[in-house]
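Notes follow once the structure below has been shown.
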Amino acid sequence: LDIIPQEYKLGSQFSMSPVGVLSSGIEGRFLNIVIRRTFYNNIKSCLEQAGIEVVQFYTTPIVLANAVLNVDSDKRPGCALVDIGRDTTTVAVYQKNLLRHLSVIPLGSDNVTKDIASSLSIEESEAESLKLKYGSAYTELTEETEDENYTLKDGRLVSRKLLCDIVEARMEEILVNVSDQITASGIKDTLIAGAVLTGGGANIKDIDKAFTVYTGIEKLKVAKNVNFAVNSKIADVKDGTRNAILGLLALGDENCAGTAIKEEDSSLFVDEELETKKTTETVSTRTKVEELNGQPKPVIKEDTETHQAEK
């Protein structure tokens, strides 16, 4: 999908860019981002069958990093971006403004929901509500909190300890895998900016405590929104769940014809009422222009017999 240059060796010297450097030989190190050919073909085939032309493929973790990370305070000093999504968790490690390591873990926040649903024999919608309202990624239960109970829709009671044990078990598995991937980058100890959490899974209570315990990284922040302005008539929900899609939409600055999209049409969401009003105003203006150009107005002849009969 993509090739990210890491560094170049020119003779006995290493450089980030070989342009303009005189040398008798050159070697390069690259980070290759790959995808299973079956997945690639399936996505492309679905779009083609829907009549949608594929202009370019983007790697979502890279797009997300550009949308939530700051070059000077995050990418350059080094940080690990962890996106805990619904079905997967992505780990992207940056340093010196370059992507150094990328991995996708096939576990996400939906696994926590399914664990709660299967353990308590309830619907996933109720399990999701319990997870967000009462679940915790890391808790230190006291004698007082251990006795707390929550009432399910069917009237049964579930203890807080049982619910937290279910959530913590799956979150521990996810975060241990995250820690392994950050370690695999080989630069974990030199990430000055620490880690940045985003995605829907980052909304689980005490996720910051759990992350520090299982990864050993103390410097942590949660990215709830993108780092650019979003023009929308819809209420702006800043919970990290839309960061990836907003980053992808922001890349759509060209249409299929290759021409730049007009600035006034750059809003991500279209207001249908506003568009209808614009169309009406355009038609009204065209009519007035035609009248000013001297085009004859339509004449309606009065029906004399009908007029007399009405009298």
Side-chain angles (χ1 to χ4, degrees), residues 1-10 12-18 27-34 59-85 88-109 136-140 168-199 201-224 227 240 243-244 247:
L1 288 179
D2 204 349
I3 300 175
I4 311 296
Q6 300 295 292
E7 63 182 0
Y8 298 92
K9 183 180 181 182
L10 305 165
S12 60
Q13 297 181 351
F14 290 90
S15 175
M16 302 302 296
S17 175
E27 297 179 8
R29 292 179 60 249
F30 303 90
L31 177 64
N32 298 322
I33 300 176
V34 298
T59 308
T60 302
I62 297 178
V63 174
L64 177 62
N66 293 334
V68 301
L69 296 183
N70 183 276
V71 174
D72 295 328
S73 61
D74 295 322
K75 288 185 178 181
R76 201 178 302 281
C79 77
L81 175 63
V82 181
D83 176 24
I84 307 178
T88 60
T89 298
T90 305
V91 181
V93 182
Y94 280 83
Q95 194 174 61
K96 295 182 179 179
N97 201 24
L98 286 176
L99 177 64
R100 298 297 189 176
H101 182 79
L102 177 64
S103 179
V104 180
I105 302 169
L107 295 170
S109 60
S136 175
Y138 186 83
T139 55
E140 297 177 353
E168 286 183 37
R170 182 63 74 176
M171 289 307 300
E172 178 182 355
E173 181 184 11
I174 293 174
L175 294 177
V176 167
N177 276 276
V178 168
S179 179
D180 290 342
Q181 290 302 321
I182 298 176
T183 303
S185 69
I187 55 175
K188 179 179 180 179
D189 296 333
T190 60
L191 298 178
I192 299 176
V196 178
L197 282 179
T198 189
N203 293 315
I204 298 178
K205 293 178 182 178
D206 299 315
I207 186 67
D208 52 342
K209 294 181 182 178
F211 189 89
T212 299
V213 169
Y214 297 122
T215 65
I217 299 176
E218 296 183 356
K219 194 172 184 178
L220 175 69
K221 65 180 180 180
V222 180
K224 295 288 188 179
N227 53 20
N243 289 348

Between L191 and C79, the two heavy atoms sitting closest are CD2-N, 3.7 Å
Between the CD1 atom in I192 and the CG atom in D74, the distance rounded to the nearest 0.5 Å is 12.0 Å
When rounded to the nearest 0.5 angstrom, what is the spacing between CG in N97 and CG in L69? 10.0 Å
What heavy-atom pair brings K224 and A202 nearest, and what distance separates the two atoms? NZ-O, 4.2 Å
Check whether any side-chain N or O of K188 sits under 3.5 Å from a backbone N or O of T215 as a donor-acceptor pair, and report yes or no. yes
Checking the side chain of E168 only, and the main-chain atoms of T139 only, is there a donor and an acceptor separated by less than 3.5 Å? yes
Are side-chain heavy atoms of I33 and I62 found at a separation under 4.5 Å? yes
Is it true that atom NZ of K209 has more than 12 heavy atoms of other residues, nucleotides or ligands lying nearer than 6.0 Å? no
Is any side-chain heavy atom of V68 less than 4.5 Å from a side-chain heavy atom of D83? no
Could you give the distance from CD1 (I84) to CD1 (I207), rounded to the nearest 0.5 Å? 4.0 Å
Check whether any side-chain heavy atom of V178 sits under 4.5 Å from a side-chain heavy atom of F211, and report yes or no. yes
Does a donor on one side chain and an acceptor on the other come within less than 3.5 Å for T198 and N243? yes
Considering all heavy atoms of both residues, which atom of Y94 and which atom of A65 are nearest to each other, and what is their separation? OH-CB, 3.3 Å
Approximate separation, where rounding is to 0.5 Å, of S109 OG and M171 CE: 8.0 Å
With P61 as reference, evaluate V91, L102, T88 under the side chain to side chain contact (heavy atoms under 4.5 Å, CB included) test and give the passing residue. L102
Should we count OH of Y138 as having more than 12 external heavy atoms under 6.0 Å? no
Search all heavy atoms of A67 against all heavy atoms of G247 and return the closest pair with its distance. CB-CA, 4.1 Å
Are R170 and L107 close enough that some pair of their side-chain heavy atoms sits under 4.5 Å apart? yes
Keeping the roles fixed (side chain from Q95, backbone from T190), state whether a donor-acceptor pair exists under 3.5 Å. yes
Within the structure provided, determine whether H101 and T183 are in side-chain contact (heavy-atom separation under 4.5 Å). no
Main-chain N/O of D208 paired to T212 side chain as donor or acceptor, under 3.5 Å: yes
Walk me through it: do L31 and L98 pass the test side chain to side chain contact (heavy atoms under 4.5 Å, CB included)? CA-CA 10 Å; L31 177 64; L98 286 176; over 6 Å; no
Heavy-atom closest pair (D206 atom, A137 atom, distance to 0.1 Å) is O-CB, 3.9 Å
So CG of L175 and CG of L197: to nearest 0.5 Å the spacing works out to 8.0 Å
Please round to the nearest 0.5 Å and tell me the distance separating atom CD of Q6 and atom CD1 of I4. 7.5 Å
